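Below is one structure, written out as structure tokens; the observations come after it.
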Amino acid sequence: MCSTREDQDMVSDFTRRLTRFITARHRLDTPNAEQAALCVEDTVAVIYGGWHAPVVRRLAALDGDEAATPVGSVGERGVERVAFLNAVAGHALDFDDVHTLSVTHPSVVLVPALLAMAEARPETTARVGPALAVGTAVNVALGQVLGFGHYAKGWHATSTIGAVAAAAAVAHQLALDEAATGNALALAASQAGGLQINFGAMAKPIQAGNAALVGVRAARMAEAGITAAPDIFAPRGFFDLYAGPDGLAADPAKVEPRIDLGSVSRKLYPCCYLTHRMIAAGRHLYAQRGGNAVPDGSVIEMTVPKGVMLPLHIVDPNDGTEAKFCAAYTLSAALHQGRVGLADFEDDSPHRPEIRRLMSMVIIETKPDAGPDRVGVDHGAVHVRLRRGNETLAETSVAAHPGSPADPASPAEIGEKIADCLEKYRKNGGTPPATGAFRKELRTRLHLPPLRDPATPDGKSDRSRNRTPGQGAAAANQAPFERTT
């Protein structure tokens, strides 16, 4: 409902349906409840892993709370600052989950916002899971409408779409009515921003932190009776201003938000998700060659969908942060080692001579994207051919992103990733909880399903993050692309 009949008449069908969806009661079915638990575990683990990143330490020092611990008590820092710092830490490693259709990292914005609010308002703790599902659904719906054009224009969709989605999630958590929820969305939209040109710099995780902070702030403002435009998605509103040059990808009247946390992808490598098929391809070639070194005089030809290269603007990385957005580096690291991990994005890792030698061999060509109404980044395939002269030494194509619904992470991979992040926190001077206790406590506290046995069917550990290439959808071989310039 709105404050006046005139305002009510001004609200579009999309806004009315969206606010009703956000304010409705949602009970998660078993698959979505389990996915909510995985989203929370994954996000909190990468918060621990990124807690000692320079950007987090410098931000904490600004307000004199250098010794603060991740997630922890709101205390004097306040709910908005806790959400902000945790989201920055969660995005600092670029290891947080992804949604390929909306081209966003949804959980790193939503989970810190919801957990901070639950800490400040314990009575809302049981609503974290449903609120996460609601926020993700709003995130996806906005991504469907804006399409890839929004991202292609240079916006950091995690922090533009994410700010509005976070407001929706916290509004559901606080059980705001439709009028207040509409105000929360509009207040968040007025503060949404973030630029891809900041990728590879400390500003990128700060943009994710800002989105979490804005979501919390907007919902709290709306709860306090602060008003905004009754329909932020009306003409000259959020959609018109943030649309790409070809306009919207979908008619808002035909987009329906729905609960589906199974569409979220888990990251298996701590770098930009658009490099992950490249990493998988490099690992496939490493396996094909039995780990043998690439001979001098070789050429590494990689063909990718054009849109994949938009955020990968770093060609000569100076440090590990920049290397996360370098296609040639991530491919070369995988081809050289057969694996890629946290250590490959620290300090001087990009300057290793053998990897630099491989980078000098890489030639990247692009294939045109689909039509202007395309959404997401999970189209096409990454094709890599290693040749020397006229001889093809190895060749592969990867269509599905590792960790995506088309090639999902195994329980063992998820457990290993969580353990790795907690171990990184320990190596940097923290005292993390044990992995099993960490997961059990989160699930119990948030009223989420108990942890199932992560062992493989034969009961043995599955080191499948470095899975044998050829297993799963990500290893599907396809014919080479027709080359374009």
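Please read these numbers as outputs of a predicted model, since none were measured by experiment.
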Donor-acceptor check, side chain of N198 to backbone of A201, threshold 3.5 angstrom: yes or no?
no

Taking only Lys NZ, Arg NE, NH1 and NH2, and the carboxylate oxygens of Asp or Glu, determine whether K424 and E346 approach each other closer than 4.0 Å.
yes

If we check salt bridge (Lys or Arg N to Asp or Glu O under 4.0 Å) with K267, which of these qualifies: D420, D97, D94?
D94

Name of the residue among I47, V44, V82 meeting side chain to side chain contact (heavy atoms under 4.5 Å, CB included) with P112:
I47

Ignoring hydrogens and geometry beyond distance, is a side-chain donor-acceptor pair present between R352 and Y329 at under 3.5 Å?
yes

Please check if the distance between the ring centroids of H313 and F199 is under 6.0 Å.
no

Exceeds 12 heavy-atom contacts within 6.0 angstrom, atom CD1 of I197:
no

Does the T43 side chain pair with the main chain of V40, one donor and one acceptor, at a distance under 3.5 Å?
no

Side chain of K324, backbone of P270: donor and acceptor closer than 3.5 Å?
yes

Is the backbone N or O of A343 less than 3.5 Å from a side-chain atom of S349, with the two atoms forming a donor-acceptor pair by type?
yes

Return yes if a side-chain donor-acceptor contact under 3.5 Å exists between T104 and N139, otherwise no.
yes

Six-ring centre of F95, K417 cation under 6.0 angstrom, axis tolerance 45°
yes

Locate the shortest heavy-atom distance separating I22 from A171; write the atom from each residue and the value.
CG2-CB, 4.4 Å

Ignoring hydrogens, what is the shortest heavy-atom contact between G90 and V46? Give both atom names and the distance.
O-CG2, 3.6 Å

Quick check: does any side chain N or O of S404 sit under 3.5 Å from a backbone N or O of A400, one acting as donor and the other as acceptor?
no

Checking H172 against T23: is there a side-chain donor and acceptor pair closer than 3.5 Å?
no

So, the side chain of D319 versus the backbone of E322: is there a donor-acceptor pair under 3.5 Å, distance only?
yes

